[in-house]
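Inspection log for the structure reproduced underneath, given as structure tokens.
Just so it is clear: chains get the letters A, B, ... in the order the sequence lines come, proteins before strands, and each one is counted from 1.
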There are 2 protein chains.
Amino acid sequence: MPIPYGQGFGLKENRQTNMNAATGHNPLFDPFFDPRAIALMGASSNPQKWGFRILANILAGGYSGTLYPVNPKGGTLLGLPVYPSLHRLPGPADLAIISIPAPSVPHALTQCGEAGIRSVIIISSGFSESGPEGAAREQAVASLARAHGIRILGPNTMGVFSAKCRLNALMPPLTPRAGGVSYVSQSGNLGVQMLGWGELRGVGFSKFVSSGNESDIRCEDYLTYFAHDPDTRVIMAYVEGVSDGRRFMEAAEHATRAKPMIVFKSGKAPETRQAVQSHSGSMAGSYTLYRSAFRQKGIIEALRTDTMLDYAAAFLHYPLPKGNQVAIMTRGGGWGVVTADACRDKGLALATLSQETLETMNRVLPPYWSRSNPADLVATLNPEAFPVCLEALIRDEGVDGIIALGAESGNRAQALADKLQQMKVFESTEPIDRRGGPEDIHLAMDLMHAYGKPVILVSGLSSYAKAVAHDGRETVLFPTPERAAGAMAALWRYSRFRRRL
Amino acid sequence: MPIPYGQGFGLKENRQTNMNAATGHNPLFDPFFDPRAIALMGASSNPQKWGFRILANILAGGYSGTLYPVNPKGGTLLGLPVYPSLHRLPGPADLAIISIPAPSVPHALTQCGEAGIRSVIIISSGFSESGPEGAAREQAVASLARAHGIRILGPNTMGVFSAKCRLNALMPPLTPRAGGVSYVSQSGNLGVQMLGWGELRGVGFSKFVSSGNESDIRCEDYLTYFAHDPDTRVIMAYVEGVSDGRRFMEAAEHATRAKPMIVFKSGKAPETRQAVQSHSGSMAGSYTLYRSAFRQKGIIEALRTDTMLDYAAAFLHYPLPKGNQVAIMTRGGGWGVVTADACRDKGLALATLSQETLETMNRVLPPYWSRSNPADLVATLNPEAFPVCLEALIRDEGVDGIIALGAESGNRAQALADKLQQMKVFESTEPIDRRGGPEDIHLAMDLMHAYGKPVILVSGLSSYAKAVAHDGRETVLFPTPERAAGAMAALWRYSRFRRRL
């Protein structure tokens with residue numbers, strides 16, 4: 001039985017909407033990720049202050065709700081009237097974002113309580129991450145919030161992003177790409193960096209939250225929310241330490257039954273756990289325990305920060321393979337060997353090609369081609385080779401997935417043609433066959449869709465995974481075969497986990 | 001005693017020119033890497049043929065010598081007269097490049113012998129990589145060459161590049177960046193791919209050779225040549241298998257005493273050795289044996305293809321550290337933890353910062369900064385923080401090298417300023433401090449030069465290591481801290497090897 005996944009591969013079947021099925025709403029999280037009106041406390045005209053930068057980002061992001069800058073100085077800011085206090089707002093706000101010095105936060109919270117705002121993001125730092133005094137302040141703020149029935153995101157957070165209402169309440173200036181990944185990060189920097197990389201690498205986000213010190217809402221709460229959120233297709237988490245391991249595992253269990261969940265765990269070495277504590281005030285815990293829990297719950301662990309994005313791109317754009325038998329198609333033997341090594345290293349196997357496949361490929365390849373897997377196209381310049389061989393491989397029943405190298409080589413031929421035309425000597429030659437490149441990529445996407453098998457494309461022309469759109473679908477090209485093999489292995493690990501449920 | 005290395009760090013002291021010290025010439029390799037005149041046999045007007053593409057590349061590359069296209073059809077090609085045979089050339093050639101079908105190669109070789117050409121590159125494939133018939137053909141060609149006193153590069157090679165005479169005799173259309181790396185690759189694809197990546201990533205090449213089937217000149221011969229070549233500062237090799245292990249180790253021993261040597265070994269898994277054989281006809285051998293030999297001889301092994309380039313960039317642009325005590329400077333705590341984990345993972349240690357260093361940093365950082373290593377600048381917007389802290393760290397005698405994250409963050413502030421100006425609301429705010437970014441990078445380069453300690457910069461803004469030039473020097477920014485830690489570890493491993501000599 002095939003397990004459909006990825007874009008156009010039966011996404012709807014995987015959606016779970018256990019939360020408030022009658023209304024489709026989530027009373028805890030909607031004000032944070034889909035607020036109707038926001039009061040920004042600490043809005044500032046000074047670009048060196050976060051209260052300015054967040055304001056600017058919300059405006060630049062095109063937030064679909066209403067924004068009320070709040071600052072005792074009043075006046076106007078970036079074209080908006082500034083309100084001296086929450087009591088003077090012209091209408092109700094369901095979310096407050098607080099970006100003022102830590103000692104003033106309790107007073108601001110009291111104001112929120114009085115104004116009926118029950119959801120507050122505390123950007124400010126100077127809480128438990130900064131020592132005993134800050135920890136005491138954080139406890140006081142938490143008690144105060146509870147007394148007012150206020151839920152807190154943060155403190156010490158870099159903010160949130162939500163594609164639904166185009167809310168870009170983040171500190172650094174970036175414009176996240178909208179898409180299917182929802183991401184909770186216990187580091188603001190690791191958070192916004194992934195959003196920034198996502199812009200380049202074809203990974204779009206539905207929701208992002210920098211969870212900060214988690215004085216109230218915790219990493220595992222966001223995970224549970226994402227698990228049930230119909231707009232979230234892939235979950236991503238950067239974890240330094242969790243305070244309630246059982247709830248984390250329960251959240252993960254819900255999540256991975258419905259959709260893939262990618263985790264990067266930091267604070268791995270005993271020596272680095274001290275750094276975790278002075279960063280987010282949490283305990284990193286034993287990495288060995290985390291790893292075994294990840295495996296047990298079907299969580300895909302990324303071992304490097306950039307592979308988080310690789311895996312997210314793979315889950316967004318590729319179907320899950322039914323098995324681990326991979327065919328490698330390459331334009332040169334060396335890369336074939338490297339890719340085969342990488343596949344073996346990551347628990348993938350090399351598919352044995354059928355006689356029919358070999359015969360089809362014989363028809364378009366020089367007689368000295370490898371006749372085995374990796375399928376080396378021996379640098380043929382025949383533009384038929386790539387499409388014919390790719391289709392032969394994907395039709396082969398012994399092949400669960402394909403890693404195809406040199407997908408953009410056709411573009412290289414075009415680069416040569418362009419260069420020669422610049423040299424003005426081109427007229428003396430025969431015309432260059434400009435086929436290949438985009439057509440090869442589009443064909444791979446069409447075949448992947450038709451057969452439901454992943455075809456991971458590698459292009460050495462780009463230095464990072466990049467997005468290509470075609471016929472209403474999108475794919476990403478990987479920059480190295482090692483990263484493609486890593487992505488294929490992640491797809492396979494999750495597929496195997498789902499099959500065993 | 002400091003071990004100087006890298007750009008501006010006493011390169012001259014590391015040069016060894018054992019070869020023909022009287023003349024500075026190498027009679028075997030000069031015709032391949034600095035030929036005065038080249039006969040291109042198989043020059044073609046058909047862009048689907050390599051005989052056209054190599055011709056076009058040599059012309060587009062601006063080769064400083066004389067090029068004679070040879071083809072029985074005669075006529076002109078890309079503005080040059082075509083000579084029907086070697087006998088008709090108007091002057092002597094010291095190198096022939098043969099790009100014709102394999103069965104015709106023996107005849108072409110005989111022509112070379114008669115014309116007095118003693119150095120021949122055989123591009124053509126269809127030799128030992130293609131089975132028993134091809135292997136017999138290769139042996140016949142080798143005997144014929146010996147009879148004529150001809151040395152052969154190849155067959156089944158993708159060609160050579162040499163910055164000295166701007167010789168770009170390669171099959172794919174690319175323009176390698178000139179620089180200090182010399183690279184021998186047993187895969188043409190792995191070769192030209194690295195040249196292509198080098199264009200993007202600040203890695204320039206002095207010489208490149210795709211060694212092909214190595215019927216005559218072998219990988220280890222090129223390594224010995226590079227070891228003694230004064231233009232080569234860093235050696236890089238892609239190795240599938242070597243036929244004479246002892247000579248390889250001798251070459252490595254010469255090389256690593258003089259300059260760093262980076263090797264990527266493929267055919268690691270037993271299953272992939274078959275693929276090696278059908279690619280280059282060589283035996284991959286036991287990977288365990290290779291690894292222990294690499295360690296023993298001070299060879300820096302790259303475990304992923306893209307880390308080859310990372311290491312090359314590091315050896316080109318950074319001095320060697322005297323020890324493994326690393327200081328990490330970060331703008332956010334999460335990345336600090338990730339970097340610390342990566343350093344520990346790669347055998348680096350976290351330096352203990354001196355009291356003086358901490359006090360200097362106290363002066364520019366908020367009171368709640370980490371006061372330890374990793375030094376977390378806690379996202380301060382004070383533009384003095386980066387330069388002051390960086391200088392404090394590099395002055396610290398307990399610090400052997402620095403990994404500094406967020407070097408381009410100043411640019412992000414500029415991006416925000418630009419975005420707001422586009423929104424035409426900027427006039428209502430105070431001016432944005434645009435310091436940081438380029439200035440921080442230039443400062444890091446100046447400090448590195450002054451103190452002779454590596455300062456590896458990480459910028460999440462780019463997705464690959466990229467080059468920055470300043471004041472006649474150049475550096476590269478790394479895209480992730482994991483890759484920066486890998487580069488630092490490579491510098492340290494080689495430094496330790498040199499110290500133990």
Side-chain angles (χ1 to χ4, degrees), chain A residues 45-48 53 56 60 78-79 125-126 130 134 172-173 187-190 193 196 200 240 266-269 271-272 275-276 278-280 304-306 332-338 340-341 344 350 368 370 374 376 381 412 415-416 419-420 423 425 428-430 432-433 460 463-464 480 482, chain B residues 45-48 52-53 56 60 78-79 125-126 130 134 172-173 187-190 193 196 200 240 266-269 271-272 275-276 278-280 304-306 332-338 340-341 344 350 368 370 374 381 412 415-416 419-420 423 425 428-430 432-433 460 463-464 480 482:
Chain A
S45 65
N46 180 351
Q48 300 307 115
R53 298 201 174 186
L78 300 180
S125 51
S130 67
S187 152
N189 272 133
L190 260 296
Q193 183 68 73
L200 296 169
E240 294 193 344
S266 81
K268 295 182 173 94
E271 297 86 345
T272 56
V276 165
S278 75
H279 171 226
S280 56
R304 302 176 352 143
T305 49
D306 51 4
W335 279 117
V337 179
V338 169
D341 274 337
R344 295 295 312 179
L350 298 184
Y368 49 85
S370 65
D376 179 359
L381 288 172
R412 283 224 178 255
L416 177 66
K419 184 183 267 183
L420 290 170
M423 292 169 68
V425 290
S428 64
T429 70
E430 296 167 27
I432 284 194
D433 190 328
S463 280
Y464 47 85
T480 67
E482 290 104 324
Chain B
S45 65
N46 180 352
Q48 300 307 116
F52 170 83
R53 298 202 173 188
L78 300 180
S125 52
S130 66
S187 153
N189 272 133
L190 261 296
Q193 183 67 73
L200 296 170
E240 294 193 344
S266 80
K268 295 184 174 93
E271 296 86 346
T272 57
V276 165
S278 75
H279 171 224
S280 55
R304 301 174 354 141
T305 48
D306 50 5
W335 280 116
V337 179
V338 169
D341 274 337
R344 295 295 312 181
L350 298 184
Y368 48 85
S370 65
L381 288 172
R412 283 226 178 251
L416 177 66
K419 184 182 268 183
L420 290 171
M423 292 168 67
V425 289
S428 65
T429 70
E430 297 167 27
I432 284 194
D433 190 330
S463 281
Y464 47 83
T480 68
E482 291 103 324

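With a threshold of 4.5 angstrom between heavy atoms, Arg344(A) approaches chain B through side-chain atoms but not through N, CA, C or O.
Considering every non-hydrogen atom in both Trp335(A) and Leu190(B), the closest pair reads N-CD2, 3.3 Å.
Counting only distance, with no hydrogens or angles, the side chain of Asp341(A) and the backbone of Ser266(B) share no donor-acceptor pair below 3.5 Å. Side-chain atoms of Asn189(A) never come within 3.5 Å of backbone atoms of Gly334(B) as a donor-acceptor pair (strictly under, hydrogens ignored).
Between Thr480(B) atom OG1 and Asp306(A) atom CG the span is 5.0 Å, to the nearest 0.5 Å.
Between Glu240(A) and Val337(B) there is a side-chain heavy-atom pair separated by less than 4.5 Å.
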